[in-house]
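Structure first, commentary second.
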Amino acid sequence: MRRFISILAAAASLVLAGCSDDDLKVPAGVSVEDVEMYPGEPYHIAGQGFETGDLIVFESSDSQYRFQASVLDGNVYSDGADIFLPDQFIYELEYRVYLVRGIQRVLLGTAVFHRGLMQEFRVMSSNIRVYGGDSGDKTSPHFWDNRKAALISMYKDKSPDIIGIQEAYFNSQWLYLKEQLEPEGYELIGRSIDNWDDEPDMNNASQVVGIVFKKDRFSLIRWGVFSLSETPDEPMLGQTPGFGASYKRQATWAELELAENGRHIFMLNTHLDTKSDEVRKLELELILARIEMYNTDNLPVFMTADWNMGATSSVFDIIRDSFELSRTTAPVSDKTLGTFNGWGESSSFLDHIWYSSGKGVIPLTYKVVNEQYDPEIEYYSDHWSIYSDFQY
């Protein structure tokens with residue numbers, strides 16, 4: 001990291017070294033002031049006369065650090081220009097701010113960039129396995145009633161702030177999670193895949209692919225569900241699985257406000273199909289289109305799921321330019337541990353947490369929860385839950 005900062009600073013230094021102060025004028029009405037900044041958010045320099053391609057160079061007062069940012073196409077306005085500070089930018093220092101155009105430069109002013117309050121939170125993805133386990137044998141340790149207490153113990157132990165839940169049957173599992181987690185300060189949002197009524201028919205046993213979050217850590221702004229099918233705005237009752245999938249699929253989304261700094265995030269939880277990459281690609285394309293539809297403020301997105309494919313799958317190629325995988329970016333990571341245990345018969349990488357790149361989200365950890373929470377129940381599910389700690 002230090003070497004990268006040094007290289008970046010050296011590049012900015014070379015830019016300054018080769019510049020002259022002749023002819024280039026300070027843009028009219030320029031204002032450079034002390035400001036509180038959040039990583040990933042634009043810094044607006046007031047003034048008229050900025051151009052696409054201009055370089056803004058920041059040189060600390062002691063000349064120890066130099067950083068640069070470009071004015072990109074579409075970020076020039078009548079009252080100034082927006083730039084994005086580099087991820088490696090060092091806050092709480094006084095900087096001289098230069099405009100560099102070609103081989104000319106001009107000093108715009110000095111300012112201290114204070115880093116805004118970052119909230120740390122834990123995002124978990126948790127496939128709890130359907131009610132019957134595999135065989136439906138009520139004496140099996142894989143049967144829901146025999147392992148559900150161990151699952152709740154895991155949640156209490158790891159204390160995630162947000163959980164994306166997959167495979168929770170409404171009657172037998174989702175209502176149990178509500179009963180157990182609401183007293184712990186969680187709110188649960190989600191609807192049955194087949195029936196989107198607020199109080200669906202209690203005979204309805206279809207799954208909920210829901211979101212759970214701590215009410216003291218987030219405020220719910222809005223949320224919704226959509227089907228992974230050719231008719232995404234309709235529940236799946238009486239329909240066949242969408243896109244030729246093996247099972248009916250759904251996604252739940254929510255806009256949440258962070259309690260500590262008031263910033264907003266966009267959360268999506270889903271479960272892609274088992275049938276084929278072709279089906280999963282159609283499902284993922286729909287998810288991306290729906291994120292664009294609902295996430296109108298371009299908030300950072302967090303996606304949890306049992307994706308039923310490894311992160312190297314070509315299906316994910318359509319998101320690699322805009323999303324990061326926490327398993328590979330977090331500095332502390334259980335990156336070698338599989339997530340699908342198959343009751344001890346597998347160690348596949350099927351569960352992933354993706355988050356928006358370039359939005360100022362900082363990953364801290366990635367963990368696979370492969371611990372035992374009941375001496376008689378080795379596996380609380382056939383998937384290990386995973387979580388990542390972030391700052392934003």
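Residues passing the side-chain hydrogen bond (donor to acceptor under 3.5 Å, both in side chains) test with D34, sequence neighbours excluded: none. Listed by chain and residue number, R222 satisfy the salt bridge (Lys or Arg N to Asp or Glu O under 4.0 Å) test with E255 (two or more places apart in sequence, or in another chain). Listed by chain and residue number, nothing satisfies the side-chain hydrogen bond (donor to acceptor under 3.5 Å, both in side chains) test with S70 (two or more places apart in sequence, or in another chain). By the ring-ring contact (aromatic ring centres under 6.0 Å, His included) test, F316 pairs with W307, H352, W354, sequence neighbours left out. Taking E187 as the reference, nothing meets the salt bridge (Lys or Arg N to Asp or Glu O under 4.0 Å) condition, with sequence neighbours excluded. For R147, there are no side-chain hydrogen bond (donor to acceptor under 3.5 Å, both in side chains) partners two or more places apart in sequence or in a different chain. Taking the side-chain hydrogen bond (donor to acceptor under 3.5 Å, both in side chains) definition, one finds that S227 meets it with nothing, sequence neighbours left out.
The stretch residues 290-302 participates, sequence neighbours left out, in these salt bridge (Lys or Arg N to Asp or Glu O under 4.0 Å) pairs: D233-R290. Screening residues 344-360 for salt bridge (Lys or Arg N to Asp or Glu O under 4.0 Å), with sequence neighbours left out, gives no hits.
Between the side chains of H271 and R249, at least one donor N or O sits under 3.5 Å from an acceptor N or O. Between D157 and Y373, the side chains place a donor N or O and an acceptor N or O closer than 3.5 Å (distance only, hydrogens not considered). A side-chain donor from one of Y155 and S126 sits under 3.5 Å from a side-chain acceptor of the other.
F89 places none of its side-chain heavy atoms less than 4.5 Å from the side chain of Y43. The closest side-chain heavy-atom distance from P232 to L286 is below 4.5 Å. You'll find the side chain of M118 reaches within 4.5 Å of the side chain of P39, heavy atoms only.
A salt bridge does not link K367 to D389: none of the charged side-chain nitrogens sits closer than 4.0 Å to a carboxylate oxygen. With respect to the salt-bridge test (charged N to carboxylate O, under 4.0 angstrom), the residues R191 and D198 qualify. A salt bridge links K248 with D194; the closest basic N to acidic carboxylate O contact falls under 4.0 Å.
Both W223 and F302 are assigned to one and the same hydrophobic cluster, defined by single-linkage of ILVMFWY side chains at heavy-atom distances under 4.5 Å.
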Tell me which donor-acceptor pairs under 3.5 Å the side chains of residues 106-114 have, and how far apart each pair is, sequence neighbours excluded?
{"unit_1": "H114", "atom_1": "ND1", "unit_2": "E92", "atom_2": "OE1", "d": "2.8"}

Listing, residues 158-167 side-chain donor-acceptor contacts under 3.5 Å, not counting sequence neighbours, or none:
{"unit_1": "K158", "atom_1": "NZ", "unit_2": "E371", "atom_2": "OE2", "d": "2.8"}
{"unit_1": "S159", "atom_1": "OG", "unit_2": "K214", "atom_2": "NZ", "d": "2.4"}
{"unit_1": "D161", "atom_1": "OD1", "unit_2": "R217", "atom_2": "NE", "d": "3.2"}
{"unit_1": "D161", "atom_1": "OD2", "unit_2": "R122", "atom_2": "N", "d": "2.8"}
{"unit_1": "Q166", "atom_1": "OE1", "unit_2": "N127", "atom_2": "N", "d": "3.3"}
{"unit_1": "Q166", "atom_1": "NE2", "unit_2": "S125", "atom_2": "OG", "d": "3.3"}
{"unit_1": "Q166", "atom_1": "NE2", "unit_2": "G164", "atom_2": "O", "d": "3.2"}
{"unit_1": "Q166", "atom_1": "NE2", "unit_2": "N269", "atom_2": "OD1", "d": "2.9"}
{"unit_1": "E167", "atom_1": "OE1", "unit_2": "V130", "atom_2": "N", "d": "3.2"}
{"unit_1": "E167", "atom_1": "OE2", "unit_2": "N127", "atom_2": "ND2", "d": "3.1"}

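Taking Ile, Leu, Val, Met, Phe, Trp and Tyr as members and joining any whose side-chain heavy atoms lie under 4.5 Å apart, directly or through other members, F349 forms no hydrophobic cluster with any other residue.
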